[in-house]
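Structure, as structure tokens:
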Amino acid sequence: MMMLEGGAKSRQRCSAFVMLSVAVGLLSLLFAAGWIGGLRINTTQSEPLGLWRIVPLARSVRPGEMVFVCPPDNAAMREARQRGYIRKGLCPGGFGPLIKTVIAVAGQRVDVTDRVAIDGVTIPNSRIIGVDGRGRSLLHDQSGVVRPGEVYLHSDFIGSWDSRYFGPVPDSGVLGLAQEVLSYAP
């Protein structure tokens, strides 16, 4: 009798292992297909939470367009990752891509005071804050003209880590347009 119970348990374990393996395999396949198809999950408050898609861009990015962008591998971004402003990911330097709106491109004047203005027009929701949510000091970008090969990024979320604090970024880091697929804005 004992032998029979042991055999039944062994078959149950084997069945459970096979089902779990199939589930993990299917989830991995779904994740890989989504990654190849440009799907990404946003878990930051800078833009609505949820599923987004990277839409390939065969032209230069324009002001007003929301993009996925790999941040440059520099000291400001490494500190941002240490502070938890940006996540780890597959961009150079091990950073995750950012979702931001391009508000200025090469040749446009950016004025940074207590807010950001582009070519003399104040950007809504661009107030500069001096400390982060934990009371740590934040430096802000300086005024100037966006150089060729750079873009200036912004998010309407007051706590967003964007060009207000790190300045323009190389446009070569733009992965494509950011398109909401399924999102939730709390």
Side-chain angles (χ1 to χ4, degrees), residues 38 40 42-49 52-87 89-180 183 185:
R40 302 294 185 273
N42 179 44
T43 59
T44 70
Q45 296 178 6
S46 291
E47 298 301 335
L49 306 172
W52 289 72
R53 181 172 174 252
I54 300 173
V55 178
L57 190 59
R59 58 169 172 73
S60 296
V61 68
R62 299 177 187 136
E65 292 181 319
M66 190 175 299
V67 296
F68 273 93
V69 61
C70 281
D73 184 6
N74 60 31
M77 293 303 168
R78 287 188 292 274
E79 182 177 1
R81 187 175 57 208
Q82 287 176 333
R83 288 185 171 198
Y85 304 160
I86 58 178
R87 295 196 163 57
L90 298 177
C91 290
F95 307 117
L98 307 173
I99 303 173
K100 304 291 179 199
T101 299
V102 174
I103 59 171
V105 295
Q108 292 190 282
R109 171 110 188 128
V110 177
D111 290 307
V112 181
T113 56
D114 64 328
R115 300 185 182 283
V116 174
I118 306 298
D119 293 333
V121 177
T122 300
I123 301 299
N125 305 308
S126 66
R127 186 168 59 90
I128 304 295
I129 55 176
V131 295
D132 68 9
R134 293 186 178 172
R136 297 174 291 195
S137 179
L138 289 172
L139 299 175
H140 61 80
D141 186 39
Q142 303 298 311
S143 298
V145 175
V146 179
R147 295 183 302 235
E150 294 182 335
V151 293
Y152 202 88
L153 306 171
H154 177 70
S155 170
D156 285 343
F157 176 62
I158 188 67
S160 178
W161 179 249
D162 57 33
S163 289
R164 290 176 279 188
Y165 306 103
F166 56 73
V169 298
D171 62 7
S172 60
V174 173
L175 301 173
L177 299 175
Q179 179 183 64
E180 289 181 70
S183 63

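Keep in mind that what you see is a predicted model, and the values were worked out from it rather than measured.
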Taking G93's backbone N and O only, do any of them form a donor-acceptor pair with R81's side chain (distance below 3.5 Å, no angle check)?
yes

Taking E79 for the side chain and A76 for the main chain, is one N or O donor matched with an acceptor at less than 3.5 Å?
no

Could you tell me whether a side-chain N or O of S126 sits under 3.5 Å from a main-chain N or O of I123, the two making a donor and an acceptor?
yes

Looking only at heavy atoms, the pair that brings A178 and I99 closest together is CB-CG2, 3.8 Å

Give me the one residue out of I54, L153, V69 that meets side chain to side chain contact (heavy atoms under 4.5 Å, CB included) with V174.
V69

Output the distance between atom CG (N125) and atom CZ (F157), rounded to the nearest 0.5 Å.
11.5 Å

Exceeds 12 heavy-atom contacts within 6.0 angstrom, atom CZ of R136
yes

When rounded to the nearest 0.5 angstrom, what is the spacing between OH in Y165 and OH in Y85?
9.5 Å

For residues W161 and L138, determine if any side-chain heavy atom of one lies less than 4.5 Å from a side-chain heavy atom of the other.
yes

Separation of L177 CG from R59 CZ (nearest 0.5 Å):
6.0 Å

Note: I118 and V110 closest approach over all heavy atoms is CD1-CG2, 3.6 Å

Identified side chain to side chain contact (heavy atoms under 4.5 Å, CB included) counterpart of Y152 within the set D141, V102, V169, D162:
D141

Measuring only between side-chain heavy atoms, which start at C-beta, is S160 closer than 4.5 Å to K100?
yes

If I compare all heavy atoms of P97 with all of P71, which pair ends up nearest, and what's the gap?
CA-CD, 4.4 Å

Reported CD-to-CD distance for the pair E180 and E47, which is rounded to 0.5 angstrom:
7.5 Å

Do C70 and L175 have side chains that approach each other closer than 4.5 Å (heavy atoms only, starting at C-beta)?
yes

Are the side chain of R164 and the backbone N or O of R127 linked by a donor-acceptor pair below 3.5 Å?
yes

Quick one: pull up OG in S163 and CD1 in I103 and give me the separation to the nearest 0.5 Å.
7.0 Å

Please identify each residue that fulfils side-chain contact (heavy atoms from CB on, under 4.5 Å) with R147, with sequence neighbours left out.
E150

Step by step, work out the side-chain contact (heavy atoms from CB on, under 4.5 Å) result for H154 and V116.
CA-CA 10 Å; H154 177 70; V116 174; 5.8 Å; no

pair D73-R78: side-chain heavy atoms closer than 4.5 Å:
yes

How close do F95 and P72 get, heavy atom to heavy atom, and via which atoms?
CE1-O, 3.5 Å

Please confirm whether the backbone N or O of V112 pairs with a side-chain atom of S143, one donor and one acceptor, at under 3.5 Å?
yes

Spacing of D119 atom CG and R109 atom CZ [to the nearest 0.5 Å]:
9.5 Å

